[in-house]
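When a ligand or atom number is given, it counts from 1 through the structure's own listing order. Start at 1 with the first residue, then count along the sequence. Side chains included, hydrogens not; waters and symmetry mates left out as well; all remaining heavy atoms used.
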Amino acid sequence: ARHLLGIEQLHPIEIATVLDLADSYVDLSRGAVKHSDRLAGLTQINMFFENSTRTQASFELAGKRLGADVMNMAMQASSIKKGETLIDTALTLNAMHPDLLVVRHPHSGAVDLLAQKVTCAVLNAGDGRHEHPTQALLDALTIRRAKGRLHRLNIAICGDIAHSRVARSNILLLGKMENRVRLVGPPTLIPSGAADWGVEVYDDMAKGLEGCDVVMMLRLQKERMDGGFIPSEREYYHRYGLDAEKLAHAKEDAIVMHPGPMNRGVEIDGTIADDINRSVIQEQVEMGVAVRMAAMDLLAQNLREERSNG
Ligand code: CP
């Protein structure tokens, strides 16, 4: 494929290919010399129309570790502020011949639209509530390394499912790899059609976490709640925040995940988040660099082939 727009378009074999290559980039990133020239001569532009710490930093590091020329567009200081549209901005940058365009945008579908207008490879770094494919891939790599496999696992995704592109991409990926996915959260934060997604739905943490191998917590995405139902943080923590008592319902060796940014004392107890025997939150961040290196390497290979075939 030319682009990485979502997990929806990926075949399980393609998912495994990204993860296998990412494994080798974990080794490179842990080595004394964190550099390869796989993307030498290529230009990568990062366009983030929404705030980011992990995704932007890891895409930048990933490009640099592979030898690409990386440019971070400061979108707050761009001509978007003067009324230029997303598409005109993309066409302007495309005229400068980038090879890889990494885009985060608050509107679902904006990255797909942009990909139709440019001649380079586009990577979706999160679009609205739609998809965050590299997040799901890095979560999958973290699970595979911790559990030794990525199939037939019981995985609970907990909290604000309704506003989460992370949940959507993870549901798609974990389902394709034949895992049993449960969604756990208040009914107001679980989409009404969720039962048709091949998942089980629970509104009770004790029942939802029973026998789980993986517990994935999500942030309350208040910025996407459009003034609708916003639960009280205290009440929410009481019923849905992950603490030792609720985690005790999962398997004894269950791992705890969170994509970040994390709100301690809202969706997760800080002690659980910091418990290195249970929490793999820092591993997720580490895997983020490796997965983005792998994704860009594979897309660059496709781009080179496409160009050499005329
Ligand atoms: N998980 C994630 O996308 O984090 P950032 O918003 O910090 O990139």
Side-chain angles (χ1 to χ4, degrees), residues 4-7 18-19 22 29 44-65 70-76 100-111 122-143 145-146 155 157-174 189 214-225 242 255-264 266-268 270 273-274 279-296:
L4 175 57
L5 300 176
I7 298 297
V18 177
L19 302 189
S29 295
Q44 172 190 339
I45 300 181
N46 298 333
M47 294 167 71
F48 280 67
F49 294 89
E50 240 187 26
N51 293 348
S52 170
T53 297
R54 281 145 287 268
T55 313
Q56 182 161 5
S58 59
F59 263 117
E60 181 177 353
L61 267 184
K64 288 180 171 167
R65 284 186 184 165
V70 185
M71 187 179 86
N72 287 309
M73 280 292 296
M75 299 319 300
Q76 293 303 319
L100 298 155
L101 206 51
V102 178
V103 187
R104 169 170 287 190
H105 199 277
H107 293 142
S108 306
V111 184
V122 175
L123 293 102
N124 181 359
D127 64 324
R129 302 178 191 186
H130 178 224
E131 280 235 34
H132 192 350
T134 55
Q135 178 69 46
L137 288 163
L138 75 87
D139 289 340
L141 184 61
T142 309
I143 295 170
R145 289 171 70 99
I155 300 172
I157 305 178
C158 310
D160 181 3
I161 313 290
H163 302 99
S164 176
R165 57 196 175 208
V166 174
R168 191 174 140 73
S169 289
N170 264 302
I171 292 164
L172 288 166
L173 189 154
L174 296 168
L189 295 179
V214 177
V215 181
M216 190 182 289
M217 302 308 299
L218 298 173
R219 182 174 65 88
L220 274 183
Q221 309 222 353
K222 290 185 176 174
E223 73 276 19
R224 297 192 208 287
M225 289 184 188
L242 186 67
I255 56 169
V256 173
M257 305 180 75
H258 193 306
M262 168 165 68
N263 289 132
R264 292 167 184 259
V266 180
E267 70 268 4
I268 190 165
D274 297 334
S279 164
V280 292
I281 294 170
Q282 297 308 321
E283 280 86 342
Q284 287 175 267
V285 177
E286 183 187 12
M287 295 310 125
V289 180
V291 151
R292 287 162 182 136
M293 290 168 87
M296 290 197 291

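- Of all the heavy atoms of Arg219, none lies under 4.0 Å from any atom of ligand 1, so neither backbone nor side chain is involved.
- Short contacts between ligand 1 and Thr55, defined as distances under 4.0 Å to a heavy atom of the residue, involve ligand atoms 2 (C), 3 (O), 4 (O), 5 (P), 8 (O).
- Annotation: His132 places an N or O atom under 3.5 Å from an N or O atom of ligand 1; distance criterion only.
- Counted within 6.0 Å of CG on Asp274, heavy atoms from surrounding residues, nucleotides or ligands total more than 12; the atom is thus considered enclosed.
- With sequence neighbours excluded, the residues that form a side chain to side chain contact (heavy atoms under 4.5 Å, CB included) with Ser108 are Arg129, His130.
- For atom 6 (O) of ligand 1, the closest non-hydrogen atom of the protein is Arg104 NH1, 2.9 Å.
- With hydrogens and angles disregarded, no donor-acceptor distance shorter than 3.5 Å links the side chain of Glu267 to the backbone of Leu242.
- Every pair passing salt bridge (charged side-chain N to carboxylate O under 4.0 Å, His left out) that includes a residue from residues 158-173 is listed here, sequence neighbours excluded: Glu8-Arg168, Glu50-Arg165.
- Polar contact with ligand 1: present for Pro259 (N/O pair, distance under 3.5 Å).
- For the ligand labelled ligand 1, residue Glu50 lies outside the 4.0 Å heavy-atom shell.
- Using 4.0 Å as the threshold, Gly260 has a heavy atom nearer than that to some atom of ligand 1.
- Of all protein heavy atoms, the one closest to atom 7 (O) of ligand 1 is Thr53 N, 2.8 Å.
- In terms of modelled atom types and a separation under 3.5 Å, the side chain of Ser58 and the main chain of Thr55 share a donor-acceptor contact.
- Taking the ring centre of Phe59 as origin, the terminal cationic atom of Arg292 falls inside the region bounded by 6.0 Å and 45° from the ring axis.
- From the protein, the heavy atom lying nearest to atom 4 (O) of ligand 1 is Arg54 NE, 3.0 Å.
- Paired with Leu123 under the rule side chain to side chain contact (heavy atoms under 4.5 Å, CB included), one option of Leu101, Val103, Val102, Val111 passes, and it is Val102.
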